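Some notes on the structure that comes next.
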Amino acid sequence: MSATQDTLLPTATREIQLASRPVGRPAPENFRLAETPLPELQDGQVLVRNQFISVDPYMRGRMNDVKSYSAPFALDKALDGGAVGEVIASRADNRKVGDAVVHQLGWREYAVVDAGATTRARTELAPASAFLGALGMTGLTAYAGLLKVAEFRAGDAVFVSGAAGAVGSLVGQIAKAMGASRVIGSAGSPEKVARLLELGFDAAFNYRDAPVRDQLKAAAGEQGIDVYFDNVGGDHLEAALSVLNVGGRVAMCGAIAQYNATEPPAAPRNLALAIGKQLTLRGFLVSGQRQHAAEFAERMAGWLADGTVSYDETVVEGLENAPRAFMDLLDGRNTGKMLVRL
């Protein structure tokens with residue numbers, strides 16, 4: 001970097017810190033907007049101006065001080081998560097100023113990142129924001145969860161809960177592209193149900209209208225379902241267990257219905273059905289599916305290019321509104337991927 005460049009670079013960043021741990025539903029007072037100095041750039045590092053940050057349901061679990069698959073967020077420190085931005089300074093041979101990169105130091109405007117912890121966002125294929133969604137971890141979650149974890153086969157009937165969300169909307173479209181006989185989705189508003197039908201779902205229902213089990217049975221009919229992609233848990237999982245065919249498979253991706261719960265969930269109360277139906281229920285994390293990333297990226301790029309798959313984004317403006325975006329996400333106020341534009 002030249003001396004002139006140095007003088008133009010930011011020396012501090014605004015960031016969102018975890019001020020206190022939520023009990024139940026997160027509230028504004030659990031978050032704090034702060035400014036902190038940026039560390040000096042070291043060899044092998046880049047300085048990134050974040051353009052979009054991702055807010056995701058799994059982050060709710062990290063706000064609790066409990067042992068889990070991902071370390072809890074520290075109090076009075078910046079939260080982190082997926083982000084995409086532009087390299088504005090580099091001391092790494094493989095990253096140059098102007099590169100668009102994806103990394104995990106979101107919830108802040110600027111980030112000093114080890115170059116090895118970044119991946120290129122191929123913006124010739126899609127806008128940068130897509131690399132936090134359809135062409136990023138969200139897309140890989142949908143692809144690997146359906147095809148590798150649930151072992152989807154052409155002709156399967158598929159049910160997706162939380163189907164208007166970032167992952168669920170992609171799962172349904174991938175299932176159709178791969179030859180599903182029928183794809184059913186649940187969502188939380190008439191507008192979302194209509195959107196699922198536009199995306200090619202064969203049937204969709206509003207889980208607020210009537211018991212999920214009744215609506216799913218009506219949508220599945222005599223054919224039943226062979227695969228359930230679970231983003232919700234609770235009554236949706238219970239309903240799916242009742243409708244799954246013998247040998248059915250469940251990919252357990254999320255349980256957003258209970259992330260803010262302060263009492264243990266009652267459902268599913270019919271888990272014993274898994275015995276007689278010889279069901280397979282498999283939980284998974286996208287971090288355990290990275291071996292499929294190259295295959296996924298090639299297929300998804302093709303599907304986006306030819307219009308087989310499309311994606312929605314709900315974009316909230318401004319870092320200061322990131323906590324609100326996260327709370328809205330947990331309340332289901334997004335369609336597709338929830339992003340914050342900086």
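Everything quoted here is computed from the prediction, not taken from an experiment.
- The backbone N or O of Arg208 sits less than 3.5 Å from a side-chain atom of Asn206, completing a donor-acceptor pair.
- Between Arg14 and Glu109 there is a salt bridge, since at least one side-chain N of the basic residue sits less than 4.0 Å from a carboxylate O of the acidic one.
- Residue pairs meeting the ring pair (Phe, Tyr, Trp, His ring centres under 6.0 Å) criterion with at least one partner in residues 86-142, sequence neighbours excluded, do not occur; the list is empty.
- Considering every non-hydrogen atom in both Arg108 and Ala78, the closest pair reads NH2-CB, 3.7 Å.
- Taking Tyr143 as the reference, Phe296 meet the ring pair (Phe, Tyr, Trp, His ring centres under 6.0 Å) condition, with sequence neighbours excluded.
- Atom CD of Glu317 has more than 12 neighbouring heavy atoms from other residues, nucleotides or ligands inside a 6.0 Å radius.
- Under the 4.5 Å side-chain heavy-atom criterion for ILVMFWY residues, no single connected hydrophobic cluster contains both Val55 and Tyr311.
- Looking at Asp99 and Lys96, a side-chain N of the basic residue comes within less than 4.0 Å of a carboxylate O on the acidic one, giving a salt bridge.
- Taking all atoms of both residues into account, the shortest heavy-atom contact from Phe73 to Leu18 is CB-CD2, 3.9 Å.
- Taking the charged nitrogens against the carboxylate oxygens, Arg213 and Asp235 have no contact shorter than 4.0 Å, which rules out a salt bridge.
- The number of heavy-atom neighbours closer than 6.0 Å to CD of Glu124, taken from other residues, nucleotides and ligands shown, is above 12.
- The two atoms that bring Thr138 and Gly133 nearest to each other are CB-O, 3.3 Å, heavy atoms only.
- One finds no salt bridge joining Lys337 and Glu313 here, because no Lys/Arg side-chain nitrogen approaches an Asp/Glu carboxylate oxygen to under 4.0 Å.
- Looking at residues two or more places apart in sequence or on another chain, you find a side chain to side chain contact (heavy atoms under 4.5 Å, CB included) between Ser181 and Ala157, Gln223.
- In terms of modelled atom types and a separation under 3.5 Å, the side chain of Glu298 and the main chain of Ala294 share no donor-acceptor contact.
- Atom CG of Leu79 is separated from atom CD1 of Ile53 by 9.0 Å, given to the nearest 0.5 angstrom.
- Leu319 and Val48 fall into different hydrophobic clusters, where Ile, Leu, Val, Met, Phe, Trp and Tyr are joined by side-chain heavy atoms under 4.5 Å apart, directly or via other members.
- Here OH of Tyr228 is found 10.5 Å from SG of Cys253. Values are rounded to the nearest 0.5 Å.
- Taking 4.0 Å as the cut-off between side-chain N and carboxylate O, Asp80 and Arg62 count as a salt-bridged pair.
- Taking OH from Tyr69 and OG from Ser287, the interatomic distance works out to 8.0 Å, rounded to the nearest 0.5 Å.
- Between the Gln45 side chain and the Gln42 main chain, a donor and an acceptor come within less than 3.5 Å of each other.
- Across all non-hydrogen atoms, the minimal contact from Gly318 to Leu342 is C-CD2, 4.4 Å.
- A donor and an acceptor atom, one from each side chain of Ser161 and Asn231, are nowhere located under 3.5 Å apart.
- Surrounding CD of Glu40 are at most 12 heavy atoms belonging to other residues, nucleotides or ligands under 6.0 Å away.
- No continuous path of ILVMFWY side-chain contacts below 4.5 Å connects Leu197 to Phe159, so the two sit in separate hydrophobic clusters.
- The CG atom of Leu38 sits 9.5 Å away from atom CG of Leu9, with the distance rounded to the nearest 0.5 Å.
- Considering every non-hydrogen atom in both Val232 and Asp230, the closest pair reads N-OD1, 3.0 Å.
- Under the rule for a side chain to side chain contact (heavy atoms under 4.5 Å, CB included), the partners of Lys176 that lie at least two apart in sequence or sit in another chain are Val183, Asp202.
- Residue pairs meeting the side chain to side chain donor-acceptor pair (under 3.5 Å) criterion with at least one partner in residues 263-284, sequence neighbours excluded, are Glu238-Arg269.
- Shortest non-hydrogen contact noted between Asp331 and Arg25 is OD2-NH2, 2.5 Å.
- Under the 4.0 Å criterion applied to side-chain N and carboxylate O atoms, Lys148 and Glu295 are assigned as salt-bridge partners.
- Of the inter-residue distances, the one linking Phe205 atom CZ with Leu216 atom CG reads 5.0 Å to the nearest 0.5 angstrom.
- Applying the side-chain hydrogen bond (donor to acceptor under 3.5 Å, both in side chains) criterion to Asp76, with sequence neighbours excluded, gives Arg32.
- In this structure, the separation between CD on Glu15 and OG1 on Thr36 is 3.5 Å, given to the nearest 0.5 Å.
- Asn30 and Arg21 are not linked by any side-chain donor-acceptor pair at a separation below 3.5 angstrom, with hydrogens and angles left out of the test.
- Hydrophobic clustering (side-chain heavy atoms under 4.5 Å, transitive across Ile, Leu, Val, Met, Phe, Trp, Tyr) keeps Leu41 apart from Val87.
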